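All values derive from a computational prediction rather than experimental measurement.
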Amino acid sequence: LATHEPMAAPLHIVSWNVAGWARTLAQIIKFHGSLRQWVERHQIDILCLQEVKIPDARLEDLKSLGAQLEGYDIFWGPATNASVRGFNGVATYARKGLTQTASRDVFGEQALDGEGRVLSTTHAAFTLLNVYLPNDGPCGVRLPNKMAFLRALTQKIHVLRAQGQRVIVAGDLNISHRVEDIHWTRALLPLHAVLEQAYVTGDPEADGMLTQLRREWPGLQACLATRSVQEITVNAAGGRQQQKWRCVVDTPSGRVVLGSPQETRQAAEHAYDLSEVSARDDDGSVLIRHAANDISLGEVAEAMEKIAHVKWTPTALRHLVHACRAVASGPWHSSSSRCCQAWLSSTLADGMVDVFAHLYPDAEERFTCWEQYRNRRYVNEGSRIDYFLIDAALLPDVIAGPPLPSGQEDWHTAAAARWAATAGGLWEAAPYDGSGMADSPAAAYEHQFAAGPGTSIVYTPPQFSDHVGISLLLAVPPSPPLTLDTRATRPCQPHLRQPSVQAFFGAAATRKRKAVESEESGRE
């Protein structure tokens, strides 16, 4: 890592899934005055946004959104395919003079480029791919689509390298690669490994828990074989009622409910399902989401308590995970689809580096996304699915910067991660009555700026998005300002188009209506 003083100011890149840029902008303006003030306080040179959710036509008028930013080139990759128009979308803000070209037709295939999931910008020292990859969909139904994106991304990286470019991939990959990238309750345990008597950790407490599991497993397995789905009615936000489904099993002491209520019957049917979950790729090959006998530690703990009446405390469970991780052949792994984990493993083996994992391999529970509707951020039960993947050749230029935000805790601990995610307890969980998240004390909104630029996590407020930002600080060689190829980048800059006739008259009509309303209001 670069420990010398760079000859030019370091380049600060921030990536953030904003879950709707218009709404997030409104929050930024409300609490920080303007986008410019927010960007300046973070000292951002390049800002990569995902899940922007702004249709192409609406991008012609950035002023009405508050999205304009003087001194920056802005590039957009909105969703143009009819099925996703107004959803997805990526955007890159780059300080003027940093960018040579930009393209939203990155893969050369409309089915993929039209989903608004990738945007390419070329800079002096690297090419930046701003990506928002698909999720797996319910029970893995979208895995073929996701794998098509991953294969196209790999091919693009190879093409750029062949052209002599160094590559940075920034964005939401919707993959948790390592077991450290998910909360321990969701760590998947391949039972075929743990149930073998030869598997030991060398830790007496952990091995005692594994012995209990081996003893009780035949009975647990028999009860899980009786799984069925029960439809229930729950009280939802605003006093309305909602249908949900839950998993129930028969035990010697009666019927018990396992897991939380699910939004769909299909999701409930897959709860505690020990069979292989897979999908067929476009070429007919099998894409493994979960292997047979994969089960999360949270599910194991609940089954042990409700069926075998053996209660493991959260402290003991966390200790079990740590003990198993210390074993070289430890079986614990992420709950992300096996095929997606394999893709990321092969990408890293092919010369890309997961910068955060490289800098902070021992950091515990440092997540970038939480289930907002379940208030999971406030207990820091989340996942790390946002990444900077960089060519290994760029690694010597990475500047770590300040330590990870930690309060008074040791930076690598779970306690430090929870302190950072909750702003030391200043963020408060939202009520379940549908009223939304209340405003927090002013000090909470200042928390995100405390550390300063670095290669780290930017703990943006929960009111802004269900994701937080991630950052990369690079020492780049000084170079003269680049001249933007405006002809090549024109498709990425709809805000620079001449307004359409419809937009012109629509804006005129809006101004006239507001003038009439103002006049009538003045008469009252």
Side-chain angles (χ1 to χ4, degrees), residues 1-2 6 8-18 21 35-36 38-52 69 71-77 90-102 106 118-132 157 160 165-173 352-360 368 384-402 404 448-449 451-460 465 467-479 481-482 484 492:
L1 299 178
L11 189 73
H12 189 211
I13 310 174
V14 170
S15 177
W16 188 19
N17 180 319
V18 291
W21 189 216
L35 176 59
R36 164 161 290 284
W38 183 84
V39 166
E40 286 180 347
R41 291 198 64 187
H42 279 297
Q43 303 176 51
I44 298 172
D45 296 299
I46 301 176
L47 175 64
C48 300
L49 305 175
Q50 301 89 42
E51 208 173 351
V52 173
L69 188 58
Y72 285 73
D73 293 311
I74 311 173
F75 311 102
W76 302 91
V90 288
T92 300
Y93 288 67
R95 197 180 297 279
K96 286 187 178 294
L98 293 179
T99 311
Q100 183 176 1
T101 62
V106 176
V118 61
L119 187 62
S120 171
T121 50
T122 303
H123 309 277
F126 54 85
T127 291
L128 176 62
L129 298 175
N130 178 1
V131 299
Y132 170 48
I157 292 171
L160 290 170
Q165 297 285 331
R166 294 188 291 182
V167 182
I168 297 177
V169 176
D172 178 358
L173 301 187
M352 299 297 282
V353 177
D354 174 356
V355 182
F356 185 87
H358 179 86
L359 283 180
Y360 307 108
T368 62
R384 186 175 75 97
I385 59 177
D386 302 272
Y387 294 81
F388 277 106
L389 305 179
I390 69 170
D391 257 318
L394 286 168
L395 193 58
D397 300 323
V398 172
I399 302 171
L404 293 174
Q448 61 185 301
F449 305 111
T455 301
S456 186
I457 297 175
V458 183
Y459 285 93
T460 44
S465 173
H467 289 243
V468 291
I470 57 174
S471 57
L472 173 66
L473 195 62
L474 283 178
V476 296
S479 63
L482 297 177
L484 184 65
C492 300

(request) Decide whether T99 and D73 meet the rule of one side-chain donor and one side-chain acceptor closer than 3.5 Å. (result) no

(message) Does any part of the side chain of L474, heavy atoms only, come nearer than 4.5 Å to the side chain of F126, both counted from C-beta?
(response) yes

(message) Could you go through Y132 and V52, starting from their C-alpha distance and side-chain angles, then the distance that decides it, and tell me whether this counts as side-chain contact (heavy atoms from CB on, under 4.5 Å)?
(response) CA-CA 10 Å; Y132 170 48; V52 173; over 6 Å; no

(request) Could you check whether the rings of W38 and W16 sit parallel, tilted or perpendicular, using 30° and 60° as the cut-offs? (result) parallel

(message) If you define the side chain from C-beta out and look only at heavy atoms, does anything of V476 sit under 4.5 Å from D397?
(response) no

(request) Could you tell me which non-hydrogen atom of L394 sits nearest to which non-hydrogen atom of A125, and how far apart they are? (result) CD2-O, 4.3 Å

(message) Which heavy atom of L482 sits nearest to which heavy atom of A124, and what is that distance?
(response) CD1-N, 3.6 Å

(message) If I take atom CZ from residue F449 and atom CD from residue Q43, how far apart are they, to the nearest 0.5 angstrom?
(response) 11.0 Å

(request) Give a yes or no answer on whether the side chain of R166 reaches the backbone of A392 with a donor-acceptor pair at less than 3.5 Å. (result) no

(request) Begin from the C-alpha positions of Y72 and R95 and carry the test side-chain contact (heavy atoms from CB on, under 4.5 Å) through to its verdict. (result) CA-CA 4 Å; Y72 285 73; R95 197 180 297 279; 2.9 Å; yes

(request) Quick one: pull up CZ in F75 and OG in S120 and give me the separation to the nearest 0.5 Å. (result) 10.5 Å

(request) Report the residue from T368, N17, N130 that forms a side-chain hydrogen bond (donor to acceptor under 3.5 Å, both in side chains) with D172. (result) N17

(message) When you compare the side chain of I470 with that of R384, does any pair of heavy atoms fall below 4.5 Å?
(response) no

(request) Identify which one of L128, T455, V353, V167 satisfies the side-chain contact (heavy atoms from CB on, under 4.5 Å) criterion when paired with I390. (result) V353

(request) Quick one: pull up CH2 in W21 and OG in S465 and give me the separation to the nearest 0.5 Å. (result) 10.5 Å

(request) Provide the closest heavy-atom pair for V131 versus Q50 in the form atom of the first, atom of the second, distance. (result) O-CG, 3.2 Å

(message) Nearest 0.5 Å, please: how far is CE in M352 from CD1 in I168?
(response) 8.0 Å

(message) Show the nearest heavy-atom pair for residues F388 and I13, with the distance to one decimal.
(response) CZ-O, 3.6 Å

(request) State whether the side chain of H12 and the backbone N or O of P453 hold a donor-acceptor pair below 3.5 Å, judged by distance alone. (result) no

(request) Ignoring hydrogens and angles, tell me if any N or O in the side chain of S471 forms a donor-acceptor pair with the backbone of G454 under 3.5 Å. (result) yes

(request) Taking all heavy atoms of Y459 and all of Q448, pick out the closest pair and write down the distance. (result) O-CB, 3.4 Å

(message) With rounding to the nearest 0.5 angstrom, report the OG to CG distance, S15 to L49.
(response) 8.0 Å

(request) Would you name the heavy atoms of A102 and T121 that are closest together and state the gap between them? (result) CB-CG2, 3.8 Å

(request) Check whether any side-chain heavy atom of H123 lies under 4.5 Å from a side-chain heavy atom of D45, and answer yes or no. (result) no

(message) Using side-chain contact (heavy atoms from CB on, under 4.5 Å), reason through L389 and D354 one step at a time and then give a plain yes or no.
(response) CA-CA 5 Å; L389 305 179; D354 174 356; 4.0 Å; yes

(message) Can you confirm whether F356 sits close enough to D386 that some side-chain heavy atom of one is under 4.5 Å from a side-chain heavy atom of the other?
(response) no

(message) Rounded at 0.5 Å granularity, tell me how far CD1 in I44 sits from CG in L69.
(response) 9.0 Å

